[in-house]
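Remarks on the structure that follows.
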Amino acid sequence: MSRSLSRRSVLATTAAAATAAAVGPFATTAAYAAPTLPDGTSKDKVLVVGMDGLRHDVIAAAEAPHLKSMMANGTYGTSLLYASPMAATSSGPGWSTISTGVWPDKHGVRDNSFAGKNYAKYPGFLARLAQVRPQLSTYAALDWKPLDTQGTVTPGADAKLVLDGDADGYTGHDATIAAQTESILRNQNPDVLFVYFGQTDIVGHNSGAASHKYRAAIDVQDGYLGRLLAAIGARPSYATERWTVIVTTDHGHTDSGGHGGSAIEERRTFVLAQGPGIAAGATPGDTRLVDVAATVFHQLGIAPDPAWGLDGKPIQERSTDPFEALYPSLSARADETGIPAGVLGWTHTAPSGWSVVNSAMGTGGVTEWRGWSFATDEFWSRTHRDQSRELNVRSRGIFAVADSDEWDDRASSGPYDSTLVTPAYTVGGKPTVTLGFTTLYRQEGSQSAQVLASWNGGTPVVVKSYTSDVISRPQSLTLDVPSGAANVSFRFRYTGSNNWYWVIDGVKVTSA
């Protein structure tokens, strides 16, 4: 039986309104009452644990047994955030991206002012659940109050615990949040929970991500995660339930402390998930931060409406992009000396059936970028910060890039003129064919970017030209199939001379 939204009860507490003692090992100087939730209705249940400012590459140096156990028994995908001008690497945009499942160019939050937020069109996943599955019992606990007051996370929750960070500081709030969530997991029947731990971010600001204190803060939060996992396992009905646990973060930190900018360390994020249908020990390269909300819906058996406009996909859903097969071919730097030697992130090897035509390409230049290359975000965006390479958010894993700007950073002669060629796709008997892909394109000077179609191997004809910037957007070109055409291949031709770049990813051809 569904519950009307008007019956949703919400409890918010502050330090001044504390009414009950914290539970067991989580006891703190402040005490808070555990909210009472409606009884859950689903055997599929999800716990999302947000750890603010947790730089994933520091986890290995910490003890963190529960995080490491989840990595061994679940799927662990790391990725990089955007940077300005799309959004700052700050908590407002980060948690908005996690909660809504869309990037900042949709949800509108670009910094911690929350100016321009568009949660009415792109609500958080708890608000979506209240719309489509109101009978679920949902809960949120946090102490960074904008996630409540700005409407980022808590709308739609049946009950919430919102602690006042200004009353007694952040120290101790993680413990209180863990205590109340543990109590709810053990003694009540929730379906979906969002729990926020903020101490890693505070320690990151105060001591830096390279400090012993930061690693110690990770270990403390890992202990809270362990308590929540134990509480789930101790539930009397656990054997008949299907639990998914997701751990994620909103941004990274510099070694010295701080975030908001475009450094790789500030842009580091991860999604770690364990549950039904989620592969053990998987470390996919195509995971993005927007995948949290999509994974929540998937694990609850909810198919997102295309009108929601989600940018994410379930963490267990792998990309079918042929570029993803190139990981074994990735190499370390050749001429890009500013990239760490251990970063394997580029290749000129094309996927099976694809090719790169460089017959009109100039000579010399930076080896990595001579003609169309295939690269990872980590490698390519390190080449030069703050030139909008950080905005390539809708590419996943490995993508194709033509970058005359970086190629020209070493002595060269002649033009940049390179063409990426797809395999031939069967279209016989079909009236139309559609080419879909994701692109990031920056226009400058006399450079050109053209999509061409070749029917039955004939002379390629231009079907699309780019003459202005396209910032990480899906593209769709539908063409009429000429009479007698049995197949079509597509070409992406880029020409330039120390201009900008063109990224292609997620190529998909369908005929109907």
Side-chain angles (χ1 to χ4, degrees), residues 105 306 319-324 348 350-361 369 371-375 388 391-396 398-405 407 415-497 499-512:
D105 56 2
S319 172
T320 58
D321 188 329
F323 302 157
E324 297 305 289
H348 284 310
S352 177
W354 292 66
S355 61
V356 174
V357 178
N358 284 335
S359 56
M361 187 75 193
W369 314 116
W372 280 96
S373 302
F374 305 91
S388 295
L391 308 191
N392 192 33
V393 293
R394 288 184 175 86
S395 290
R396 289 176 178 266
I398 298 173
F399 48 85
V401 57
D403 191 336
S404 69
D405 175 57
W407 175 69
Y416 188 109
D417 189 334
S418 184
T419 301
L420 174 66
V421 184
T422 75
Y425 300 93
T426 300
V427 295
K430 302 294 186 179
T432 63
V433 62
T434 299
L435 169 66
F437 59 96
T438 296
T439 198
L440 170 67
Y441 177 72
R442 290 199 67 190
Q443 174 69 37
E444 184 183 47
S446 60
Q447 78 179 41
S448 67
Q450 298 175 324
V451 183
L452 303 95
S454 172
W455 305 98
N456 292 341
T459 302
V461 294
V462 176
V463 295
K464 174 75 174 179
S465 295
Y466 289 92
T467 57
S468 59
D469 290 359
V470 180
I471 304 301
S472 192
R473 289 290 182 182
Q475 308 289 289
S476 182
L477 304 176
T478 298
L479 309 175
D480 292 330
V481 176
S483 176
N487 61 69
V488 63
S489 64
F490 293 97
R491 298 180 174 225
F492 301 90
R493 184 186 179 193
Y494 172 90
T495 68
S497 179
N499 299 124
W500 284 123
Y501 45 76
W502 192 14
V503 173
I504 298 294
D505 196 30
V507 176
K508 185 176 182 180
V509 177
T510 56
S511 53

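Here the structure is a predicted model, which is why all the values come from computation and not from measurement.
Applying the side-chain hydrogen bond (donor to acceptor under 3.5 Å, both in side chains) definition to pairs two or more places apart or across chains, those involving residues 416-435 are Asn358-Ser418, Asp417-Arg493, Thr434-Thr478. Among residue pairs with one or both ends in residues 448-477, those qualifying as ring pair (Phe, Tyr, Trp, His ring centres under 6.0 Å) are Tyr441-Tyr466, Tyr466-Trp502; sequence neighbours excluded.
Of the possible polar contacts, none joining the Ser373 side chain to the His348 backbone as a donor-acceptor pair under 3.5 Å is found. With hydrogens and angles ignored, the 3.5 Å screen pairs a side-chain donor or acceptor of Asn456 with a backbone N or O of Ala486. Under the 3.5 Å distance criterion, the side-chain polar atoms of Arg394 are left unmatched by any main-chain donor or acceptor of Arg473. Judged by distance alone, the side chain of Thr438 and the main-chain N or O of Ser395 form no donor-acceptor pair under 3.5 Å. The main-chain N or O of Gly506 is found under 3.5 Å from a side-chain atom of Asp321 such that the two form a donor-acceptor pair. A donor-acceptor distance shorter than 3.5 angstrom exists from the side chain of Asp505 to the backbone of Arg396, with no hydrogens or angles considered.
The shortest heavy-atom contact between Asn487 and Gly457 is OD1-N, 4.1 Å. What you find for Ser489 and Ala424 is that their closest heavy atoms are CB-CA, 4.1 Å. A pairwise comparison of heavy atoms in Ala375 and Val401 identifies CB-CG1, 4.3 Å as the closest pair. Heavy atoms only, all atoms of each residue included: Pro415 and Ala360 are closest at CG-O, 3.8 Å. Between Gly371 and Met361, the closest heavy-atom pair is N-CE, 3.5 Å.
With sequence neighbours excluded, the residues that form a side-chain contact (heavy atoms from CB on, under 4.5 Å) with Pro460 are Leu452, Ser454, Arg491.
Contact annotation: the side chain of Phe492 approaches that of Phe437 to within less than 4.5 Å [non-hydrogen atoms, C-beta and beyond]. When side chains are defined from C-beta on, Trp354 counts as touching Pro423, because their heavy atoms get closer than 4.5 Å. Contact annotation: the side chain of Trp372 approaches that of Ile504 to within less than 4.5 Å [non-hydrogen atoms, C-beta and beyond]. Contact annotation: the side chain of Tyr501 approaches that of Leu440 to within less than 4.5 Å [non-hydrogen atoms, C-beta and beyond]. Between Val451 and Leu477 there is a side-chain heavy-atom pair separated by less than 4.5 Å. Side-chain contact check for Thr320 versus Lys508: every heavy-atom pair is 4.5 Å or farther apart. Contact of the Leu435 side chain with the Val507 side chain is registered, since non-hydrogen atoms from C-beta on lie closer than 4.5 Å. Side-chain contact between Ser511 and Val481 is absent, with no heavy atoms from C-beta onward closer than 4.5 Å.
Taken to the nearest 0.5 Å, the CD atom of Gln443 stands 8.5 Å off from the OG atom of Ser448. Here Gln447 contributes atom CD and Ser404 contributes atom OG; the two are 6.0 Å apart, rounded to the nearest 0.5 Å.
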Q.
Using side-chain contact (heavy atoms from CB on, under 4.5 Å), reason through Arg442 and Asp405 one step at a time and then give a plain yes or no.
A. CA-CA 11 Å; Arg442 290 199 67 190; Asp405 175 57; over 6 Å; no
